[in-house]
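Before any comments, here is the structure.
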Amino acid sequence: MPRTAAEEAAERQAAARQADAERTEVEDRQAEVGLEEAGANAAAAASETDAASADVDAASGEADAAPSAPHETEAGSEEGEAPAAASTPLAAEAAPNDPRVLSALDLAAAFRYATEYMAVYIEEVNALNVYPVPDGDTGTNMHLTLQSVRRQLDQELPRTMGDVSHALAYGSLLGARGNSGVILSQVLKGFADTAKRQPSLDAASLSSAFESAAKSAYAAVMKPVEGTILTVSRALAEAAKEAQETAAGPLALLRYALERGHRALEKTPEQLPILKQAGVVDAGGLGLLRLFEGVLASYEGRDLPPPPKITRRAQQDFEEEAFGFCTEFLLSDVAVPTSEIQDAVAPFGDSLLVVGAEGFVKGHIHTEEPEQLLALVGRYGHMVRSKVEDMSEQHSEILADVDPSEAQSVRSGLVAVASGYGVTKVFRSLGARVVGGGQTDNPSVQDIADAVRSIGAPDVVVMPNNKNIIMAADRGAELVPEKNVRVLPTRTLGAGLAAAVSFDEEQGIDDLLPAMEAAIASARTFEVTVASRDADIDGVSVTKGDAIGLVDGKLVARGDDPTDCLLTLVREHAAEHDIATLFYSAEVGPDGAKAVAAQVAEEAPELEVELQPGAPDLYPFLMALE
């Protein structure tokens, strides 16, 4: 019989306790605290992260917020109430099975489990974002950041604390999304900077890690604002320091720090007027507490809790206003100082965060000119990933959902794997829960399972939209046996978009699939990218750097430039189609896209073309034909 998560966690803890019993006394361990970890990645994890931010209202962590009273768990318990007072730092005493120290293997397992734990609370935090910073999926952003950490842990399979620390710092930087995700990455970087120097974490070294985490988070923000995730990170550090001398062990210290962290969270409305106006607490701070609650739950062998029931959304308390675009970018192979990129993008907007390490630079900004900004930063390195979201539309969608508690339950949900902010935006508008990923960034099995699990409907359709992701989608579906999950094996984004148009959440899965499958059969996808190497495939010879064209994933053409290649595809393969959506990259730009659309009209006058910015990364053009 397969073991439950709780049984596996209990077994891990038993093994850790056995290993502890064979170690020398605590004094001997502490004498070794300053020693460097053996193994690769320690030097990489030690690299300093540059950080900068502007905008006093937003750079504090989005001023995201969670209602302090109106959330109820499925069992009916109130969320947001202040925890009971503690008379001493040992309010959370050691449990019988607590380990004396946290080993590297167990800590890695705990952060993996904490990612699943955070997934339970995504919608709780997403529902709670407040004006004036509505780049509003705080729970999603923090969870995506943690998913990147989990991927790094799975790739590196760390066995030393130095290796675990590298995965925490490096993985969170690469995967950071939104202000909350970027600041979370700096929390984890600071935590890792201390943890990497320890063979294992006892109460004292865990306290030091929390202190380093808070300092790193504050350093990432040019104008820190209290009443945010920063405040909660400092409260965790202060509580840990208070308890380190008398706590019975690292988990007792963690329990006490979490207790005090919740107290600090309850006070955030008194520190930030906008939270008090909405009658809510800070959601970034809540998300941080959920993360470390998940770490604790792993050690305690607890099963995942039921998701909280959402009874209100904080943005209902505010008027609609223009917000611009939440724009993010991740560059690799960067040779200039991070501060130079910060100075270059600062004039474009506010809520700016730019951090970097190991040749990577992650940026977040609110701007009215996302295309121009992305084109500019692309000069500084290789654009690994970018995202643009219209915050005004996002705010309007939240305001339209005025009474979640009375919303009718739906029969089916849709999960789609996609990349490119324009493509992602269309999938979301069609009712899909999007998992980030694509040709060069395949999501993990667990990423897909998390998305399925986060949907409230009993039936879920999963569309991988790439032939290399179909198997992961199948395995992800198997991890959620409590839902009726069907994988629709879409091999391209165009096929997925066509199928999503036929999706109806009011229908059951058996009624949905025939129409969606028919839509896939009539769809066609053109992709234009650049050859990464010399090749001769299916009779088409290409040289590295050539523009290449694919039809439904098959290489069929090369060209001197992307436009030439797209026109070849239209001329030779678009005859049976009437409607096309052309997604274009930031490098092409709106004016370039209009010029290309005019040329397409000359080649295929009968084809109606709609232009959309935000093609997948590394693709100047993606055309979905119906």
Side-chain angles (χ1 to χ4, degrees), residues 5 8-20 23 26 29-30 32-33 35-42 45 94-95 97-118 145-172 184-185 187-213 216 236-237 240 244 247 249-255 257-258 288 290-302 446:
E8 291 178 348
E11 182 176 322
R12 290 196 305 270
Q13 303 314 319
R17 290 192 299 276
Q18 178 64 31
D20 291 341
R23 292 178 182 142
V26 172
R29 291 197 308 273
Q30 291 179 333
E32 299 172 355
V33 160
L35 296 179
E36 289 294 324
E37 290 284 341
N41 299 326
N97 294 328
D98 281 0
R100 290 185 296 169
V101 296
L102 310 183
S103 70
L105 291 177
D106 282 347
L107 190 64
F111 273 98
R112 288 188 182 98
Y113 187 77
T115 304
E116 297 182 54
Y117 190 93
M118 184 69 191
T145 304
L146 291 174
Q147 284 185 324
S148 182
V149 170
R150 183 176 60 198
R151 276 195 293 271
Q152 202 67 28
L153 289 168
D154 290 342
Q155 290 171 9
E156 296 185 12
L157 297 176
R159 301 190 64 83
T160 70
M161 196 63 74
D163 295 340
V164 172
S165 298
H166 178 265
L168 291 179
Y170 187 66
S172 62
L184 176 60
S185 76
V187 169
L188 294 177
K189 174 192 176 295
F191 187 96
D193 281 346
T194 291
K196 71 187 181 188
R197 296 191 292 269
Q198 319 299 326
S200 56
L201 298 182
D202 58 13
S205 54
L206 181 60
S207 173
S208 296
F210 274 121
E211 181 179 8
S212 177
S216 178
L236 290 172
Q244 72 177 22
L251 295 188
L253 181 142
L254 179 55
R255 293 185 188 99
L258 285 170
L288 184 63
R290 295 299 190 210
L291 162 60
F292 285 106
E293 287 172 4
V295 170
L296 180 61
S298 174
Y299 280 97
E300 294 178 340
R302 287 188 271 131
Q446 192 65 54

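In what follows, residues are counted from 1 in the order of the sequence shown. Just so we're clear, the structure is a prediction, and the values are computed from it rather than from any experiment.
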Query raised in the report: Can you name the nearest heavy-atom pair linking Gly171 to Ser148, along with the distance?
Result: O-OG, 2.5 Å
Report summary line: Residue set satisfying ring pair (Phe, Tyr, Trp, His ring centres under 6.0 Å) with Phe111, at least two apart, ordered chain then number -> none
Report summary line: Heavy-atom closest pair (Ala192 atom, Ser165 atom, distance to 0.1 Å) is CB-O, 3.3 Å
Report task. Apply the test side-chain contact (heavy atoms from CB on, under 4.5 Å) to residues Tyr113 and Leu296: give CA-CA distance (whole Å), side-chain angles for both, the deciding distance (0.1 Å), then the verdict. Result -> CA-CA 10 Å; Tyr113 187 77; Leu296 180 61; over 6 Å; no
Report summary line: Taking every heavy atom of Arg100 against every heavy atom of Pro250, the minimum-distance pair comes out as O-CD, 3.1 Å
Query - Residues that Ala213 engages under side chain to side chain contact (heavy atoms under 4.5 Å, CB included), provided they are two or more places apart - result: Val187, Phe191
Query - Exercise: identify the closest heavy-atom pair between Ser298 and Ala110 - result: OG-CA, 3.4 Å
Query raised in the report: By side chain to side chain contact (heavy atoms under 4.5 Å, CB included), which residues pair with Ser172, not counting sequence neighbours?
Result: Thr145, Val149, Ser185, Leu188
**Report entry** Residue pair Leu102 / Leu251, side-chain heavy-atom distance below 4.5 Å
**Finding:** yes
Query raised in the report: Can you name the residues that form a side chain to side chain contact (heavy atoms under 4.5 Å, CB included) with Ser212, not counting sequence neighbours?
Result: Asp193, Thr194
**Report entry** Set of residues satisfying side chain to side chain contact (heavy atoms under 4.5 Å, CB included) with respect to Ser207, sequence neighbours excluded
**Finding:** Ala240, Lys241, Gln244, Leu253
Requested in this report: Taking salt bridge (Lys or Arg N to Asp or Glu O under 4.0 Å) as the test, write out the residues that go with Glu293, two or more places apart.
Outcome: Arg290
Query raised in the report: What closest approach, in Å, do Leu291 and Met118 show between heavy atoms, and which atom pair accounts for it?
Result: N-SD, 4.4 Å
Report task. Classify the ring geometry between His166 and Tyr170 as parallel (under 30°), tilted (30 to 60°) or perpendicular (over 60°). Result -> parallel
Report summary line: Nearest heavy-atom contact between Ala104 and Arg159 is CB-O, 3.7 Å
